[in-house]
Amino acid sequence: MKQEVVLYPSPGMGHLVSLVELGKLILRHHPTFSITVLITKPPFDTGATAEYVARVASQVSAITFHELPPADLNVLNPNLELLIFEWLSLCKPHVSEALLSISEKARIKAFIMDFFCCTALEVARGMGIASYIFFTSGAGFLDIFFYFPELHKENPGSFTDLDRDLVVPGIPPFPPRIMPTVMQDKSQDVYDWCMYYASTMPKADGILVNTFEQLEPLALKALAANEFRPGVPMPKIYCVGPLITVGDADRSSEVLAWLDTQPEGSVVFLCFGSVGRLSATQIREIAIGLESQRQRFLWVVRSPPTEDPSRKFLPPADPDLDALLPEGFLERTSGRGMVVKNWAPQVAVLRHSAVGGFVTHCGWNSILESICAGVPMAAWPLYAEQESNAFMMVGALQLSVRLERDDNGFVKAEALARCLRELMETESGKRLRERTTVLKDGAAKALSEGGTSLKSLELLVKAWDQAPN
Ligand SMILES: O=c1ccn([C@@H]2O[C@H](COP(=O)(O)OP(=O)(O)O[C@H]3O[C@H](CO)[C@@H](O)[C@H](O)[C@H]3O)[C@@H](O)[C@H]2O)c(=O)[nH]1
């Protein structure tokens, strides 16, 4: 009978890509397995997923995508996180049907779900399937997340009202405002969802984290020592990263051809994840900042967020660069700057020898991709757990320069220009580059023969072999 590993990512490229990469890693080392990926397509899906899924399906025959039927959800709710969490919860019966149908033809060795999908944990456990959580962010944020129920107990009010640092094992004390907004306000439904996830995760047979030991030793040590919940047994942690995609360079010819004309290490890349969008005022301010200094740049620009509720969750229309950028900006920066609409082949860009710095929103995949390319960063977090990632990157991990923002998160042109100078021209930028290069080598070692992440994967597969089902 076929030996199947079933993966269940939550919607969105930032969550899908690393879990699919885990599937590829498993296949590389255990080619007799096959992989099924359960895909759910909420109405607010941007469409990028479908393209990616089609590409992987055509390239890797041992990976099959199984699309779940749509859930019955009212999409008028203005809060995207709440929509996603409710959607995934409503998908539970479809997951059950899918697992049943797969198990008729194959032996399911393991079911590995994104941490946002852990409403499906009880379904798989009920069927006697070994069930694991895949954590798409780093160990530092996993520390915060694991400790969240304790933080909840320790702090009777909302975190928004708290003006002292929080203390969590494995990471330096931090101000509550760096937690994702969904984990700050106790009166919000999304807060209850986060509590549910944090309380449910320990019930899994193990937790896989997309990081590697050399990158986050202290955060991982705290996880291994189980310093989080007195009296609550914690599952084993499998550190299997960095899992990043090799990217799709085909769409890139224009961008890569332009980079080919630039001197080595001279270009700053500015890109804000798969869905990050900035206001029109902020886009203009970036342009002023870029023009005011001499760094070469490659900048991915998206249309500003829309206030129109009927378009809120649709893919962004192409940005109108003439309206968004200062008049004559493109002409004046021509040769030393390139602006790309909506999307650039990020992995290929970061690996291009002309790129010397990355202004990033601090999505975890972007951070790992930058490390694996040896490119130091400037942290410009926007939403989700990106503030926590930025806090770690600038502080404990020392991989990023600080980018000054005002209380509303707005970055002034002078602050951007200063930050780019620090990143590209100073001794501290040079030190970051050296540290990133060391970690780049460490990342490659972690996933090669005898490396820590590969050993972790082997322990995981061994656990499946020993499981009773
Ligand atoms: O122009 C672009 C923009 C993005 N990407 C790719 O898209 C992915 C983006 O992933 P990530 O950097 O993690 O950002 P998000 O898409 O914003 O990811 C979500 O999921 C991550 C993993 O949980 C979280 O860390 C983030 O905060 C959350 O927003 C990466 O592989 C990028 O290479 C491109 O290739 N080109």
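Whatever order the structure lists them in is the order used to number ligands and atoms, beginning at 1.
Distances between N or O atoms of Ala344 and those of ligand 1 include at least one value under 3.5 Å. Residue contacts with ligand 1: Ser137 is placed with no nitrogen or oxygen under 3.5 Å of a nitrogen or oxygen of the ligand (distance criterion only).
Ring geometry for Phe272 against Trp380 counts as perpendicular: the plane angle is over 60°, on a 0 to 90° scale with 30° as the lower cut. Under the 30°/60° scheme for interplanar angles, the aromatic rings of Phe358 and Phe269 are found to lie parallel. Phe115 and Tyr197 have perpendicular rings, their planes meeting at more than 60° on a 0 to 90° scale where under 30° would count as parallel. Between Phe148 and His152, the ring-plane angle classifies as perpendicular under the 30° and 60° cut-offs.
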Between Ser137 and Glu385, is the side chain to side chain donor-acceptor pair (under 3.5 Å) condition met? List the steps.
CA-CA 8 Å; Ser137 194; Glu385 91 304 11; 2.7 Å; yes
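For the pair Met13 and ligand 1, no heavy-atom separation below 4.0 Å is found. Distances shorter than 4.0 angstrom do not occur between any heavy atom of Phe272 and any atom of ligand 1.
With a heavy-atom cut-off of 4.0 Å, Ser366 touches ligand 1 through backbone and side chain alike.
With respect to atom 3 (C) of ligand 1, the closest heavy atom belonging to the protein is Gly273 O, 3.3 Å. Remark: minimum distance from atom 23 (O) of ligand 1 to any protein heavy atom is reached at Thr136 OG1, 2.7 Å. In terms of protein heavy-atom proximity, atom 16 (O) of ligand 1 is closest to Ser274 OG, 2.4 Å. In terms of protein heavy-atom proximity, atom 27 (O) of ligand 1 is nearest to Glu385 OE1, 2.6 Å. Looking at atom 13 (O) of ligand 1, its nearest protein heavy atom turns out to be Asn365 ND2, 2.7 Å. For atom 17 (O) of ligand 1, the nearest non-hydrogen atom of the protein is His361 NE2, 2.9 Å. In this structure, the protein non-hydrogen atom closest to atom 34 (C) of ligand 1 is Trp343 CZ2, 3.2 Å.
Between Pro169 and Tyr147 there is a side-chain heavy-atom pair separated by less than 4.5 Å. With a 4.5 Å cut-off on side-chain heavy atoms, Lys236 and Tyr238 count as touching. The shortest distance between side-chain heavy atoms of Val6 and Tyr8 does not fall below 4.5 Å. Counting heavy atoms from C-beta on, the side chains of Thr36 and Leu38 come closer than 4.5 Å.
Checked against the 6.0 Å centroid criterion, the rings of Phe85 and Phe116 qualify as a close aromatic pair.
The cationic atom of Lys412 (NZ for Lys, CZ for Arg) does not lie both less than 6.0 Å from the six-membered ring centre of Phe410 and within 45° of the ring axis.
Per-residue contacts place Trp364 under 4.0 angstrom from the following atoms of ligand 1 (heavy atoms of the residue considered): 13 (O), 24 (C), 25 (O). Of all atoms in ligand 1, listed by their number and element, those nearer than 4.0 Å to a heavy atom of Tyr383 are 17 (O), 29 (O). Counting atoms of ligand 1 from 1 in the listed order, those under 4.0 Å from a heavy atom of Ala384 are 27 (O).
Of the listed residues (Glu387, Glu369, His15, Gln386), the one carrying the non-hydrogen atom nearest atom 30 (C) of ligand 1 is Glu369. The closest non-hydrogen atom to atom 22 (C) of ligand 1, taken over Ser388, Cys271, Gly14, Ser18, comes from Gly14.
When distances from atom 8 (C) of ligand 1 to the protein are checked, no heavy atom turns up under 4.0 Å.
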